[in-house]
Each structure stands twice: as structure tokens, then as C-alpha cells.
Amino acid sequence: MRTVAMCLSILPRCRIHSFASSCLENSQRHHPGNRISLRFLSSKTLSSLEGGEQKSKKWTRKSIMTNTEGLKGDGASKSKISNNIKYNLSVETTDGLNVEKSETRELDIIQNCDVQQKMIESEELARLVTVISFDLETSGLNRSCDCVIEMAMQDLAGGKNSTFQTLVNPDCVIKNSEFHGITTDMVNQPHVPRMKDLIPILLAYVKSRQKPGGIVLLVAHNGRNFDVPFLINEFNRNNFDIPHDWHFLDTLPLAREVMKSKVAELKSAKISLSLQSMREYYNIAPIGSAHRAMSDVNTLSQVFQRMTFDLKLPTSGLIERSFRQSDLVKTAKKTSQARPKKC
DNA sequence: GGCCCTCTTTAGGGCCTT
């Protein structure tokens, strides 16, 4: 059996478990012959693995330590070296001055090691995660009654066939055409697919962009409350399941975070966090008509990359902020019990 | 609907998505 202890120390445990489960399931699917287990090592466990108890009890750390075994490439070896340095420096001294100096030096090196470790983590995670921005145009705002009428996706990695765009025939009259310009006549055409026909194509597109054994991170503005519930509803209506390795990220909280830190002088003022406002804030030129799916996806892709740069968010930070279908289902159950929905 | 903010928390208004 091959043991893989992954570098995920900065992720909350629930996210670690969720992400690790995805990776494990994917790895087993792609490499059925291999037996792989994931273990998260505490400092105590790692200490015992390294050959006994720590001699110094003066300094203790409760952070989750990581170790990397059996992974190919430079990243794995660097990770292990970093951990060794950390432990070798935990030496007890009796001279107060020396303690202070040693501690400072140790902290400096530990901080450097942590930065290195985070970079390695980010690189390894980036190899596993496919980031796809997406946007839906719908026949209204009610996720229970309204339907998706247009969909667009864009793999941020770019390359050939990195975008996906289509109108969707909802088999109903579109009453909000003034908002997006999509009319009933436009979607009521033989060549426009219905959602039940589109979902397999959508799944195939995402699969084609997915890295072997990796996960997909689908990004949308206000996705938690709009696009993702709409998408889930469409899948449910047509008896499809959202793939277990799909994670979702809402850029609205990121926009709030950016504006909080960048526009301190306007904290008390009303700041718009809409996608178009964020586009203007970053001086990104509009491409196509706003409120059409592909145009909004183009905008979102650029805004998203600018925001992650501003917030210094590595891939691990994105995973930390992501959510899955099951997270929304739990919330929806609570809500529906409290207030029955009406169309 | 969920989240955030404030003249709040025993609440209410506004934003964001179409």
C-alpha cells in the first residue's frame, strides 16, 4: 500500500476531509490497481514516525504538521526537508538571551519554511484543480419556478476548446427578455438544446477540462445564492447528479473582501459589488453585451484573477472558500422546513 | 435566499443574481 500524506495544513479540517476524499476517490478511479490511503499527520504522529519523542518540551506546536512520502518530483523532497529543519531547531536552551535569539532565528526559518511549504502546497493543488468560471441567464430570479435559458463556461487555463456556450430551450415563455435580450423565439428553435440534452454535453465538456484525479472548481458571481442552486435544480429536474468532484466558489464574498481592504475611505459609503462594478473598478474593458452569459463569463474570469491577486489567494485559499452541493442541500432543507416555497 | 451592515441582536433594509 502506498501512503500519501498531503500538504494541506492551512485548510480547515472539514475542507481537508472533503478535498482529500475527492482526491482519494478520483485517484482510485483513475488508478484502480493502486491501493492508496490518505492520512493527516499531527506533530505528535510525525515525531513518532521520525524516531521517537521530542526531547524538548519547552516549545510545543499544535499546528498540523505534514509529511510527504511516495510522491514523485522536487516538491515532495523539499517538503520533507522543510519538516526536518523545523524539528531540528526545537532545542531547549537555559540562557534567557540565547533563548530569545534562538527563538527569533527559529521563527524566521520556520516562517520561511512555511512560505516554502505553502508554495509547494499551492503548486501541488494547482496541478489537481481545474478552475472554470461560469454564468447562467435565466427566465427569472425564482430558482424553483424559473429555468436556465443560456449557459457559458470558460476554463481559466485557456487553450483549445476552453469555452462552452449555448442557449437553452426552457419550453416556456421568457418574460424578462428586456434584461438579457434573449427572447422566446431565440430559444424556441430546433437547434437549441433542452436541458436534458445539454447536461451530458456539459458533463463531457467539464470532464475534458478536468485533470486526471483532480477536482473542478466552478466559479460564479453570487454563485452560492443564484447560479449554483439554479444549476442543481436543473440537474435534479432532469434526473442527473452533480459530480462529486465539483466544488463551487462564489466571487461575491471575494469582491466584498477586496473592496473592504482597498477602499477603506469608502467603508461607510454604499459600494456596489456587482460584477459590472468590479469590472469598472479594475478598468476591464467590456466584451460583448453585459448580461449575456459569455460576456459575463469573460468579465468574471478577468475580475476573478484580479481579485485572487489582490487577496494573495493561492489555490488552497480558493479550496478553503469553496463549497459543495451537499453544503447547499443542508441549508435548503432547513429553509424549506421554515418557509415553504411558492411560485 | 443568503449575506452584510447598522441608528442591531427581541430587527430591518439593502445588495446580488435574472
Side-chain angles (χ1 to χ4, degrees), chain A residues 133-153 165-184 186-187 195 218-234 236-237 248-282 286 288-301 303-304 307 311 321-343:
Chain A
S133 59
F134 81 104
D135 185 59
L136 305 178
E137 301 302 320
T138 67
S139 56
L141 293 171
N142 191 323
R143 69 182 71 161
S144 302
C145 311
D146 295 312
C147 300
V148 173
I149 57 173
E150 191 180 38
M151 178 184 295
M153 292 190 166
Q165 176 191 15
T166 182
L167 286 170
V168 184
N169 186 347
D171 281 325
C172 67
V173 176
I174 298 173
K175 297 176 180 175
N176 61 344
S177 299
E178 74 283 356
F179 191 81
H180 38 57
I182 301 169
T183 63
T184 306
M186 287 169 68
V187 297
M195 189 52 85
L218 290 155
V219 181
H221 199 64
N222 200 26
R224 178 179 279 273
N225 295 312
F226 188 79
D227 299 86
V228 177
F230 253 103
L231 193 66
I232 291 171
N233 274 4
E234 292 287 5
N236 290 339
R237 279 175 191 161
F248 301 99
L249 180 71
D250 188 351
T251 51
L252 184 57
L254 300 186
R256 191 173 287 120
E257 214 170 316
V258 166
M259 298 310 274
K260 240 183 197 176
S261 59
K262 289 273 182 180
V263 198
E265 69 273 17
L266 296 177
K267 264 185 179 175
S268 59
K270 298 284 183 190
I271 303 170
S272 173
L273 300 174
S274 70
L275 183 59
Q276 295 308 318
S277 297
M278 295 307 294
R279 179 186 62 73
E280 289 169 8
Y281 173 74
Y282 283 121
S289 307
H291 301 302
R292 287 300 297 267
M294 198 64 234
S295 172
D296 284 355
V297 160
N298 279 321
T299 301
L300 175 61
S301 297
V303 167
F304 172 66
M307 288 196 298
L311 295 171
R321 287 167 168 78
S322 72
F323 59 94
R324 300 179 75 177
Q325 178 191 9
S326 54
D327 297 323
L328 294 186
V329 170
K330 288 170 195 167
T331 310
K333 278 183 181 172
K334 287 180 188 173
T335 309
S336 62
Q337 285 169 359
R339 282 193 301 269
K341 289 175 185 173
K342 290 181 182 177
C343 289

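Throughout, a chain's letter reflects where its sequence line sits, starting with A, and its residues are numbered from 1. Since this is a predicted model, take the numbers as computed values, not measurements.
- Atom CG of Asn225(A) and atom P of dG1(B) are 10 Å apart (whole Å).
- Of the P atoms belonging to dT18(B) and dG13(B), the separation is 25 Å, rounded to the nearest Å.
- Closest-nucleotide positions on DNA chain B for Pro253(A) and Asn222(A) were compared, and the one nearer the 5' end corresponds to Pro253(A).
- Rounded to whole Å, the C1' atom of dC3(B) lies 16 Å from the corresponding atom of dT9(B).
- Between Lys260(A) and dC4(B) there is no side-chain polar atom (N or O) within less than 4.0 angstrom of OP1 or OP2.
- In this structure a side-chain-to-backbone donor-acceptor pair under 3.5 Å is missing from Asp135(A) to Val297(A).
- Counting non-hydrogen atoms under 4.0 angstrom, Asp135(A) reaches the backbone sugars and phosphates but no base.
- Comparing dT18(B), dG1(B), dC3(B) by their closest approach to the side chain of His180(A) singles out dT18(B).
- Nearest nucleotide to the side chain of Leu275(A), out of dT18(B), dC3(B), dT17(B): dT17(B).
- If you measure from atom CD1 of Ile232(A) to atom C1' of dT17(B), you get 15 Å, rounded to the nearest angstrom.
- Within the model, atoms OG of Ser133(A) and CG of Leu249(A) stand 11.0 Å from one another, a figure rounded to the nearest 0.5 Å.
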Steps toward side-chain contact (heavy atoms from CB on, under 4.5 Å) verdict (Leu300(A), Thr251(A)): CA-CA 9 Å; Leu300(A) 175 61; Thr251(A) 51; 3.6 Å; yes
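- Rounded to a whole Å, the CG atom of Leu218(A) is 18 Å from the P atom of dT17(B).
- In this structure, Phe248(A) atom CZ and dT17(B) atom P are separated by 19 Å, rounded to whole Å.
- dT8(B) sits 26 Å from dG1(B) when the P atoms are compared, rounded to a whole Å.
- Whole-Å rounding puts the Arg321(A) CZ to dC3(B) P distance at 15 Å.
- In this structure, the CG atom of Asp227(A) is 14 Å from the C1' atom of dG2(B), given to the nearest Å.
- Going from the P atom of dC7(B) to that of dG14(B) covers 14 Å, rounded to whole Å.
- Distance NE2 (His221(A)) to C1' (dC15(B)): 10 Å, rounded to an integer number of Å.
- As judged by a 4.0 angstrom heavy-atom cut-off over every strand, Asp296(A) is placed among residues touching the sugar-phosphate backbone only.
- A salt bridge links Arg237(A) with Glu234(A): the distance from a Lys NZ or Arg NE/NH1/NH2 to an Asp or Glu carboxylate oxygen falls below 4.0 Å.
- Checking dT18(B), dC3(B), dT17(B) against every side-chain atom of Ser274(A), the shortest atom distance belongs to dT17(B).
- Following rounding to the nearest Å, Leu252(A) (CG) and dC3(B) (P) show an atom-to-atom distance of 11 Å.
- The nearest pair of heavy atoms linking Phe248(A) to Val228(A) is CD2-CG2, 3.6 Å.
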